[in-house]
Colleague: 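Handing you this structure, nothing more for now.
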Amino acid sequence: MSSTDPQIIPARPRMTAAIMARTGLDDDRLTEPVHRCHDKVRADAVPGPIFAARTFDWGPHLERMVDFWSSAALMTGRYHGAPMPAHATLPVEWAHFERWLAPFRETAAKTCPPEGASWVHVLKAAEAIGNTDGRDS
């Protein structure tokens with residue numbers, strides 16, 4: 001880059017810092033609800049068997065989920081996947097997703113600051129991912 005080229009300053013770090021300051025969320029704060037929520041969902045009689053039928057290493061999956069929520073809630077850009085195709089073949093309906101949202105909201109309310117727990121992008125992102133039947137969330 002020459003001295004006459006404009007300097008490009010990415011906006012993402014500033015936006016992420018502002019969201020963190022406003023909500024009290026950070027990656028550590030997102031890790032606990034992601035892990036707790038998945039523990040609850042795996043134990044649930046409705047979505048639990050869907051998880052049980054798929055044998056995979058939960059460690060990397062939960063790390064990927066934290067990356068997803070970091071990107072969705074904090075705009076960090078850490079997640080580089082496509083959640084819809086990955087979940088499209090699962091035998092799930094809206095009722096399954098509603099069973100997942102309840103423990104997610106409950107866990108977020110218990111583990112995050114109030115502003116962070118109600119951070120609309122987190123829940124709206126969750127609802128959009130689960131909106132498999134074409135309904136608006």
Side-chain angles (χ1 to χ4, degrees):
M1 180 159 56
S2 73
S3 60
T4 60
D5 290 337
Q7 183 179 10
I8 298 173
I9 301 171
R12 186 182 305 265
R14 287 191 313 272
M15 292 186 315
T16 296
I19 293 168
M20 288 175 153
R22 184 173 65 249
T23 64
L25 295 175
D26 59 24
D27 286 336
D28 290 338
R29 279 264 161 82
L30 290 171
T31 298
E32 187 174 4
V34 167
H35 284 249
R36 280 190 185 184
C37 175
H38 280 79
D39 289 345
K40 290 177 183 179
V41 171
R42 284 186 290 184
D44 188 288
V46 176
I50 295 168
F51 283 109
R54 283 143 189 86
T55 305
F56 57 94
D57 187 353
W58 277 99
H61 180 74
L62 291 174
E63 287 176 25
R64 204 166 33 256
M65 293 301 301
V66 172
D67 287 346
F68 170 80
W69 289 113
S70 178
S71 290
L74 304 175
M75 297 183 67
T76 62
R78 286 187 16 213
Y79 180 77
H80 301 285
M84 292 305 291
H87 294 88
T89 61
L90 295 177
V92 296
E93 298 173 1
W94 184 253
H96 292 95
F97 195 71
E98 287 177 331
R99 294 284 289 247
W100 178 83
L101 279 177
F104 182 83
R105 287 184 177 122
E106 175 188 319
T107 303
K110 289 180 180 178
T111 62
C112 297
E115 183 69 25
S118 65
W119 180 225
V120 69
H121 287 122
V122 174
L123 294 179
K124 290 308 268 183
E127 290 167 0
I129 291 165
N131 191 3
T132 58
D133 65 358
R135 296 182 341 188
D136 290 331
S137 38

Colleague: Quick one: side chain to side chain donor-acceptor pair (under 3.5 Å) partners of R29, sequence neighbours excluded?
Modeller: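 Scan of R29 (side chain to side chain donor-acceptor pair (under 3.5 Å), adjacent residues dropped) gives none.
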Colleague: For residues 39-52, pull every pair meeting side-chain hydrogen bond (donor to acceptor under 3.5 Å, both in side chains), keeping only residues two or more places apart or in separate chains.
Modeller: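 Counting only pairs at least two positions apart or across chains, the side-chain hydrogen bond (donor to acceptor under 3.5 Å, both in side chains) contacts touching residues 39-52 are D39-R42, K40-E106, K40-T107, D44-R99.
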Colleague: Which residues satisfy the side-chain contact (heavy atoms from CB on, under 4.5 Å) test with E63, sequence neighbours excluded?
Modeller: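 For E63, no residue satisfies side-chain contact (heavy atoms from CB on, under 4.5 Å) once neighbours in sequence are set aside.
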Colleague: Give a yes or no on whether the backbone of E32 and the side-chain of H35 come within a donor-acceptor separation of less than 3.5 Å.
Modeller: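 Side chain of H35 to backbone of E32: no pair is present.
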Colleague: Do you know the tightest heavy-atom contact between A82 and P85?
Modeller: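 Nearest pair, atom of A82 first, then P85: O-CD, 3.3 Å.
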Colleague: Measure the shortest side-chain to side-chain distance between I19 and L25 over non-hydrogen atoms and say whether it is less than 4.5 angstrom.
Modeller: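 The answer is no, as the side chains (C-beta and beyond) never meet within the 4.5 Å cut-off.
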Colleague: Between A108 and A117, which heavy-atom pair has the shortest distance, and what is it?
Modeller: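 Closest approach of A108 to A117: O-CB, 3.5 Å.
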Colleague: Would you mind reporting whether T31 and L62 have side-chain heavy atoms less than 4.5 Å apart?
Modeller: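 A side-chain contact is absent here, since even the closest heavy-atom pair is not under 4.5 Å.
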Colleague: Mark yes or no for whether T16, through its side chain, and M75, through its backbone, hold a donor-acceptor pair below 3.5 Å.
Modeller: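 Checked: pair present.
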Colleague: Rounded to the nearest 0.5 Å, how far apart are OG of S71 and CZ of R12?
Modeller: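 Separation between the atoms: 7.0 Å.
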Colleague: Working to the nearest 0.5 angstrom, can you tell me the gap between K110 NZ and C37 SG?
Modeller: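 Going from NZ on K110 over to SG on C37, the span is 12.0 Å.
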Colleague: Using side chain to side chain donor-acceptor pair (under 3.5 Å) as the criterion, list what pairs up with T76, not counting sequence neighbours.
Modeller: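 Only S70 meet the side chain to side chain donor-acceptor pair (under 3.5 Å) criterion with T76.
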Colleague: Mind checking side-chain contact (heavy atoms from CB on, under 4.5 Å) for H61 and listing every partner two or more places apart, or none if nothing turns up?
Modeller: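 Counting only residues at least two positions away or on another chain, H61 forms a side-chain contact (heavy atoms from CB on, under 4.5 Å) with H38, F56, W58, R64, M65.
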Colleague: Among the clusters formed by ILVMFWY side chains lying less than 4.5 Å apart, do M20 and M15 turn up in the same one?
Modeller: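 Result: yes, single cluster for both.
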Colleague: Using a 4.5 Å cut-off on heavy atoms from C-beta on, say whether the side chain of P47 contacts that of W100.
Modeller: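 Side chain of W100 against side chain of P47, heavy atoms only: no contact under 4.5 Å found.
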Colleague: Please collect all salt bridge (Lys or Arg N to Asp or Glu O under 4.0 Å) contacts where either partner lies in residues 67-86, sequence neighbours excluded, each pair once.
Modeller: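 Matches after skipping sequence neighbours: D27-R78, D67-R78.
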